[in-house]
Amino acid sequence: MVYVSLAVALVASVVLTPIVRRLAFRIGAVDAPNYRKVHQKIMPRLGGLAIFISFLMGLAILRPASPPFESSLMPLSLVLGATVIVITGILDDKYEISAKAKMLGQFIAASIVVFLGGVQIDFINLPFDNGILNFGFLSIPLTLLWIVGITNAVNLIDGLDGLAAGVSTIALITLATMAFIMGNGFVLAVAAILACSTIGFLFFNFHPAKIFMGDTGALFLGFMIAVLSLLGFKNLTLVSFIIPVILLGVPISDTFFAIVRRVRNKQKWSDPDKSHLHHCLMKMGFSHRQTVLIIYGIAAMFGVAAIIFSMAKLWGAILLITVILVALELFVEVIGLAGKNYRPLINLVKMFSK
C-alpha cells in the first residue's frame, strides 16, 4: 500500500502540474520579471498547488487513522495546517498580500499542529550529567518560532528554477531515511509521499522552468519539513536536536547570513536583496543550472552529515559539527554571502600565516 501511495503522488503531480499551470495563467497568478529576479518573461506561479493536491492523494491511500500513522489527530492537524499555509500561498501568488498577512497565516497553521496535533519541543536531554532542560512555558513559543522560521527559510531560497523544490526533496529524502533508521513510520510515510509529489513537479520546474511553485509551494514545503523534523527528533538529546538544523543547513544558513548581511548594511532584516547564496554563485560565473546543481550538492552533503551525526558518539558529533561550522564559514566568506568585506576567518588565517 505504501508503494501505491508513492506512485499515486508521483503520477498525480506529473498530471496535475500542467493543469495548474493553465489555471495560474487564467487567474493571473503570474510572476513578472524585475531587477531582483533571474527569469526574463512572465511565468505562472501556483505550482505548489499541484504538489499539495498530489500529496493529499498519496496520503489518502494510506488511510491516516491506521498504521503507520501514530494517531488520528496528528494527520488531521497536519493536513489542516498545510491547508491554511497553501491558502495563504495562493492568496500571495494571486494578490501579493502583505508580509504581515503571510506571517499571520503561518502562525495560524503552526498553531493548528501545536494545539490540535500536540507537536511541541517540551524538553531536551543534556549529554552531560544526565540532565534535562525543560522549556516549560517557552515550549509552545519555541515550537511556533521553529515552524514559522523554517517555513520562511525555504521560501527565501526559492530564487532559481528547481532550487527550492530540489533542496526540499533532498531534505525530505534525508528525513525519510533517518525516520526509517529510527523506526518512525509516520514521518517516513509522510516525508516519502511528499518527496514523490515534489519530484513530479520538478519535471516542469527544473531549468528551464515551465512553472514556478510560488509561495504556495515554498511555504507548504517549508511548513511540512519544519513539522516533520520536530516529529522525528523532538525530546531527544541536545546533540540529536542539532540534526534538523544540519539537515536544513542550506535554507537556515542562507537566511542567517542574509540577516547578518542586512544588519551590517543597516537594512531591515526583511528587506529583499540580490545577495543570496544562488545570487553569489551566479556572480562568480556559474550558469543557472550549474548553480542549482552546486546547491543540490551542498544540500546532499548536509543530509549525509545529518545521518552520520545521528549515529556518532558525543565527541564525534562535536568534532563533526565543528568541521561543518568552520567549512561553512570559509565558504560564506569566499563567495561573499554575508557581504564583500566580511572575512573574519580568512583574515585570522592570514594574520597567523605571516
Side-chain angles (χ1 to χ4, degrees), residues 4-31 39 41-62 64 75 78-97 102 105-106 109 151 154-155 157-173 176 189-228 292 296:
V4 174
S5 66
L6 297 180
V8 167
L10 178 63
V11 174
S13 183
V14 173
V15 172
L16 288 172
T17 300
I19 298 173
V20 170
R21 182 176 184 272
R22 291 193 292 270
L23 175 64
F25 276 123
R26 180 169 298 181
I27 68 173
V30 295
D31 193 357
H39 62 281
K41 62 181 181 179
I42 294 177
M43 291 289 294
R45 294 193 281 197
L46 210 67
L49 182 59
I51 299 175
F52 176 61
I53 296 174
S54 58
F55 166 72
L56 291 181
M57 292 173 67
L59 197 64
I61 299 295
L62 287 182
L78 194 61
V79 170
L80 287 177
T83 301
V84 172
I85 279 287
V86 168
I87 291 172
T88 302
I90 291 172
L91 291 174
D92 189 57
D93 287 340
K94 175 68 172 72
Y95 300 107
E96 296 189 1
I97 60 178
K102 281 199 293 184
Q106 293 168 40
T151 299
V154 172
N155 194 30
I157 64 168
D158 187 24
L160 294 180
D161 297 354
L163 182 55
V167 170
S168 296
T169 300
I170 292 169
L172 289 165
I173 291 173
V190 176
I193 291 170
L194 184 53
C196 286
S197 301
T198 311
I199 290 170
F201 173 74
L202 267 171
F203 284 110
F204 305 91
N205 183 237
F206 195 73
H207 185 71
K210 297 180 177 64
I211 184 173
F212 294 161
M213 67 164 59
D215 273 21
T216 307
L219 294 178
F220 169 55
L221 289 175
F223 173 79
M224 292 296 296
I225 291 171
V227 175
L228 289 175
V292 172
Y296 282 2

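Listed here is the closest heavy atom pair of Leu49 and Thr216: N-CG2, 3.5 Å. Taking every heavy atom of both residues into account, Pro44 and Phe25 meet most closely at CD-CZ, 3.5 Å. Across every non-hydrogen atom of Gly222 and Val154, the tightest pair is CA-CG2, 3.6 Å. Heavy atoms only, all atoms of each residue included: Ala191 and Leu172 are closest at CB-O, 3.7 Å.
Sequence neighbours left out, not one pair with a member in residues 191-207 passes salt bridge (Lys or Arg N to Asp or Glu O under 4.0 Å). Residue pairs meeting the salt bridge (Lys or Arg N to Asp or Glu O under 4.0 Å) criterion with at least one partner in residues 190-201, sequence neighbours excluded, do not occur; the list is empty.
No donor-acceptor distance shorter than 3.5 angstrom exists from the side chain of Asn155 to the backbone of Leu219, with no hydrogens or angles considered. Using modelled atom types, one side-chain atom of Ser54 and one backbone atom of Ile51 make a donor-acceptor pair closer than 3.5 Å.
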Sequence neighbours excluded and cut-off under 3.5 Å, please list the side-chain donor-acceptor pairs for residues 6-17, or say none.
from: Ser13; atom 1: OG; to: Ser197; atom 2: O; distance (Å): 2.6
from: Ser13; atom 1: OG; to: Phe201; atom 2: N; distance (Å): 3.0
from: Thr17; atom 1: OG1; to: Ser13; atom 2: O; distance (Å): 2.6

Pair up each side-chain donor or acceptor in residues 202-212 with any protein partner under 3.5 Å, not counting sequence neighbours, and list the distances.
from: Asn205; atom 1: OD1; to: Gly162; atom 2: N; distance (Å): 3.0
from: Asn205; atom 1: ND2; to: Ile211; atom 2: O; distance (Å): 2.8
from: His207; atom 1: ND1; to: Asp161; atom 2: OD2; distance (Å): 3.0

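A distance of 5.5 Å separates CG in Leu221 from CG in Leu194, rounded to the nearest 0.5 Å. Of the inter-residue distances, the one linking Ser5 atom OG with Ile61 atom CD1 reads 7.0 Å to the nearest 0.5 angstrom.
With sequence neighbours excluded, the residues that form a ring-ring contact (aromatic ring centres under 6.0 Å, His included) with Phe220 are Phe52, Phe55. A search for side chain to side chain contact (heavy atoms under 4.5 Å, CB included) contacts involving Ile97 returns Thr88, Leu91, Asp92, Tyr95, Ala101, Lys102, not counting sequence neighbours.
Considering only heavy atoms from C-beta on, Val30 stays 4.5 Å or farther from Arg45 through its side chain. Looking at Met213 and Leu46, their side chains never come closer than 4.5 Å, going by heavy atoms from C-beta outward. The side-chain heavy atoms of Val84 and Gln106, taken from C-beta on, include no pair separated by under 4.5 Å.
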